[in-house]
There are 2 protein chains.
Amino acid sequence: MAGPPRKPKTSESARAITADLVAVLVAVTDGEPKIMTIAYAGALPSGPFEFKHRSLQSGLRTWVEQQTGHPLGYVEQLYTFADRGRTGDAKSPHSISISYLGLTREDQVGPGSEAHWSGWYEYFPWEDHRAGPPALLGKLLAPRLRAWSKSAPSAALQRERWQRAAITFGFDDREWNEELVLQRYELLYEAALIPEAVRNGNGAAPVVPGRAMTADHRRILATGIARLRAKIKYRPVVFELMPAEFTLLQLQRSVEALAGRLVHKQNFRRLMEQQQLVEETGAIAADTVGRPAKLFRFRHAVLAERAVAGTKLPLSRT
Amino acid sequence: MAGPPRKPKTSESARAITADLVAVLVAVTDGEPKIMTIAYAGALPSGPFEFKHRSLQSGLRTWVEQQTGHPLGYVEQLYTFADRGRTGDAKSPHSISISYLGLTREDQVGPGSEAHWSGWYEYFPWEDHRAGPPALLGKLLAPRLRAWSKSAPSAALQRERWQRAAITFGFDDREWNEELVLQRYELLYEAALIPEAVRNGNGAAPVVPGRAMTADHRRILATGIARLRAKIKYRPVVFELMPAEFTLLQLQRSVEALAGRLVHKQNFRRLMEQQQLVEETGAIAADTVGRPAKLFRFRHAVLAERAVAGTKLPLSRT
DNA sequence: TTAGTTTATGCTCAGGATAAGTATAAGCCA
DNA sequence: TGGCTTATACTTATCCTGAGCATAAACTAA
């Protein structure tokens with residue numbers, strides 16, 4: 001091991017990169033899904049990963065808790081991105097983004113910082129089907145995507161494009177699949193219908209409603225929403241977004257907020273009951289309209305009792 | 001923007017790290033699931049991520065194809081790890097590992113290199129339930145885990161430990177859940193029953209069968225197996241592991257190899273049929289025992305026809 | 001006081017999916 | 001020819017799921 005001191009390995013530094021942590025922090029307030037944003041709602045909170053952190057996850061928790069002043073509950077890794085030119089500057093240090101999904105409650109977040117809660121449907125207006133398919137789907141997206149399909153060089157490609165659009169957006173009487181958030185975003189990106197896709201010049205292409213974000217943050221957000229929409233169907237994660245006590249309707253509204261579609265009330269209750277995910281607190285909800293509802297709490301025991309709790313959602317077809 | 005030339009930002013380099021790509025490459029040959037290994041079956045293939053690669057995924061494809069001499073089919077990101085001390089050497093450059101799952105066929109892999117195909121149940125003997133629960137489950141694992149449970153400081157903790165063991169391994173007449181590969185590995189790790197957990201000194205603790213791997217490669221493998229076992233149930237990915245033409249029994253055997261458990265033959269065929277995942281080639285399989293079977297091929301059209309193809313598996317309870 | 005509105009909660013029903021079993025067909029080989 | 005193996009068709013019982021009907025319990029406006 002002894003020997004002449006060596007020069008620092010500069011060849012190594014050619015491969016050196018930096019790592020950023022990006023968080024999709026979700027809360028549901030008054031039946032609306034929110035995400036934490038910075039930079040005037042134009043970016044997701046992110047910070048550098050430093051090696052004083054024990055692990056990626058603890059690094060994320062550390063700075064999120066610094067920013068929000070409150071411990072983070074459920075955390076799950078989403079995806080790692082590292083496309084060259086992500087930052088648009090070839091000279092800038094190359095960076096890898098490791099994204100996470102985190103669940104909290106809005107009222108747990110302290111003041112200060114530039115953090116801000118934004119409704120997530122501001123970024124994806126076409127994803128909210130709680131009041132039926134949004135008008136912009138048929139009025140705006142369908143014709144634009146049809147035009148994009150027609151612009152393909154061959155007839156086969158034209159059909160393929162429209163088929164993809166129809167499947168992901170539920171055109172031509174197909175069913176709406178709320179989990180295809182990312183596929184829809186990527187299709188719109190490919191069709192150059194959103195600002196991120198036409199950012200670097202290329203003229204001002206026609207653009208569809210929905211707020212944009214820096215870099216690929218909106219793509220990360222789409223990934224997070226898709227993951228969460230899939231997860232609530234087989235894991236009891238909704239409860240991370242609920243207060244300690246809640247009525248079944250409040251719980252249902254939260255699920256509907258995330259899924260972007262309505263569920264059948266009676267079936268939803270039947271499911272909650274037979275899976276024993278909740279238990280009555282004995283109290284009755286105050287300040288409500290209509291017949292008073294029982295208050296419930298999450299049965300934390302289920303997490304220990306079974307490994308996978310199938311929290312199926314009775315989604316309405318209408 | 002003009003001004004005196006600045007010194008290179010050495011403060012930045014404090015955060016500099018390197019990124020490695022690690023691959024779980026899966027094939028199924030003669031009804032046995034295999035993974036590609038290097039270093040005498042003691043490590044997963046891995047390589048540095050360099051920024052000449054356009055993206056993480058293309059970086060992976062590039063060096064996998066260099067090593068195996070054949071293009072890679074299905075690829076999916078698994079997880080990104082970055083725990084400090086992963087390498088055990090605090091002075092070594094900090095590194096992030098981004099792991100991928102890739103599906104191929106063994107016969108597509110060219111010669112040369114130190115690559116080698118190993119049966120994945122060599123690393124996880126307790127995961128193969130095709131011939132019923134392995135003997136070592138009741139004979140070895142149950143008593144060891146029972147002892148570990150008993151060694152907990154409090155009665156409550158003791159109960160909790162055994163409950164976790166029982167749930168993940170299916171003790172006490174619980175059902176075996178083939179998807180909990182990672183949870184089982186991590187439990188054994190926590191109980192210090194596998195070499196990786198007692199590697200850094202700590203004396204020679206009792207150890208359970210199953211080949212170990214360098215660093216956290218066996219954990220990554222467990223992640224990959226778990227992901228694949230979950231995925232075959234709702235996405236038609238098995239076909240990536242099959243030759244162009246196959247009999248339904250061969251297809252079934254591949255699924256069973258991955259899932260580590262048997263499926264009901266008649267129901268399996270019904271499912272394949274009604275989901276229209278395969279179509280007859282018209283030919284009949286040669287060199288078989290028993291009644292000759294029709295040959296089938298994957299209907300690639302389904303990938304375009306629907307977004308999510310529910311390839312449910314009719315798993316046997318017996 | 002009553003009709004109307006809102007939410008809560010109990011119950012039924014039909015269709016589909018699923019697990020499992022029975023039965024028969026079609027090859028081979030001793 | 002009988003026995004073995006695999007292929008393939010069909011049946012049955014059960015459970016899950018979506019959907020709707022009906023009733024209860026509060027409030028409010030006429």
Side-chain angles (χ1 to χ4, degrees), chain A residues 30-31 129 175-178 232-234 245-256 259 261-296 308-318, chain B residues 30-31 129 175-178 232-234 245-256 259 261-296 308-318:
Chain A
D30 299 328
H129 285 229
E175 258 190 47
W176 172 257
N177 183 340
E178 75 278 358
I232 49 173
K233 290 184 188 161
Y234 60 97
E245 304 194 349
F246 47 83
T247 70
L248 289 184
L249 186 61
Q250 285 166 351
L251 182 62
Q252 183 185 341
R253 292 286 177 246
S254 291
V255 166
E256 291 173 337
R261 62 191 312 178
L262 300 179
V263 308
H264 183 112
K265 185 194 274 196
Q266 295 94 319
N267 292 346
F268 180 78
R269 304 168 128 270
R270 176 177 60 189
L271 226 48
M272 291 299 116
E273 206 167 328
Q274 76 183 29
Q275 300 202 171
Q276 301 181 286
L277 289 172
V278 295
E279 62 190 359
E280 298 183 15
T281 68
I284 298 284
D287 75 322
T288 54
V289 203
R291 172 171 168 179
K294 293 179 191 162
L295 282 174
F296 291 81
V308 230
T311 322
K312 303 275 179 76
L313 293 187
L315 293 172
S316 282
R317 279 187 191 150
T318 45
Chain B
D30 298 328
H129 285 228
E175 256 189 46
W176 172 258
N177 183 340
E178 76 279 358
I232 50 173
K233 290 185 188 160
Y234 60 96
E245 305 195 348
F246 46 84
T247 70
L248 288 184
L249 185 61
Q250 285 166 351
L251 183 62
Q252 182 184 342
R253 292 285 178 247
S254 291
V255 165
E256 291 173 337
R261 64 191 311 181
L262 300 180
V263 308
H264 183 113
K265 185 194 276 196
Q266 295 93 322
N267 292 347
F268 180 77
R269 304 168 128 270
R270 176 179 60 193
L271 225 47
M272 290 302 115
E273 206 166 329
Q274 78 183 29
Q275 302 202 171
Q276 301 181 288
L277 289 172
V278 294
E279 62 189 1
E280 300 183 14
T281 67
I284 298 286
D287 74 323
T288 54
V289 204
R291 174 173 167 177
K294 293 178 193 163
L295 282 174
F296 290 82
V308 231
T311 321
K312 304 275 180 74
L313 294 188
L315 294 172
S316 284
R317 281 190 186 143
T318 45

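These values consider heavy atoms only, across backbone and side chains, with no hydrogens, waters or symmetry-generated copies.
The residue A:Leu249 sits close only to the backbone: its heavy atoms come under 4.0 Å of sugar-phosphate atoms, none of a base. Using a 4.0 Å heavy-atom cutoff across all strands shown, B:Lys265 reaches at least one base atom of the nucleic acid.
With sequence neighbours excluded, the residues that form a side chain to side chain contact (heavy atoms under 4.5 Å, CB included) with B:Thr247 are B:Leu249, B:Gln250, B:Ala285, B:Ala293, B:Leu295. Residues satisfying the salt bridge (Lys or Arg N to Asp or Glu O under 4.0 Å) test with A:Lys294, not counting sequence neighbours, are A:Glu280. Listed by chain and residue number, B:Arg297 satisfy the salt bridge (Lys or Arg N to Asp or Glu O under 4.0 Å) test with B:Glu279 (two or more places apart in sequence, or in another chain). For B:Arg291, there are no side chain to side chain contact (heavy atoms under 4.5 Å, CB included) partners at least two apart in sequence or on another chain. In this structure, the side chain to side chain contact (heavy atoms under 4.5 Å, CB included) partners of A:Glu256, at least two apart in sequence or on a different chain, are A:Arg130, A:Gln252, A:Arg253, A:Leu262, A:Val263.
Atom-to-atom, CD of B:Gln275 to C1' of C:dA17 comes out at 11 Å; the value is rounded to the nearest Å. Protein atom CG of A:Leu271 is 8 Å distant from nucleotide atom P of D:dG18, rounded to whole Å. Going from atom NZ of B:Lys233 over to atom C1' of C:dT18 covers 14 Å, rounded to whole Å. Summarising the geometry, the separation between NE2 on B:His264 and P on D:dT8 is reported as 15 Å, rounded to the nearest angstrom. Between the CG atom of A:Leu262 and the P atom of D:dG20 there is a distance of 13 Å, given to the nearest Å. What separates CE of B:Met272 from P of D:dA9 is a distance of 15 Å, to the nearest Å. Between the C1' atom of D:dT5 and the CD atom of B:Gln250 lies a distance of 15 Å, rounded to the nearest Å. For the pair B:Phe268 CZ and C:dT18 P, the interatomic distance rounds to 14 Å; values are reported in whole Å.
Considering only the side chain of A:Gln266, D:dC21 comes nearest among C:dA20, D:dA19, D:dC21. The nucleotide whose nearest atom lies closest to any side-chain atom of B:Arg269 is, among C:dA8, D:dA7, C:dA20, D:dA7. Of all nucleotides listed (D:dA7, C:dA20, C:dA8), C:dA20 comes nearest to the side chain of B:Arg270.
Among A:Arg269, A:Arg270, A:His264, the one residue that satisfies the side chain to side chain donor-acceptor pair (under 3.5 Å) test with A:Gln266 is A:His264.
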Nucleotide by nucleotide, 5' to 3', does protein get under 4.0 Å of the base (B), only the sugar-phosphate (S), or neither (-) in nucleotides 23-30 of chain D, counting heavy atoms? -BBB----

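Comparing B:Glu273 and B:Arg253 along DNA chain D, the residue whose closest nucleotide (by nearest heavy atom) sits nearer the 5' end is B:Arg253.
A:Phe268 is listed as a side-chain neighbour of A:Val255, based on a closest heavy-atom distance under 4.5 Å.
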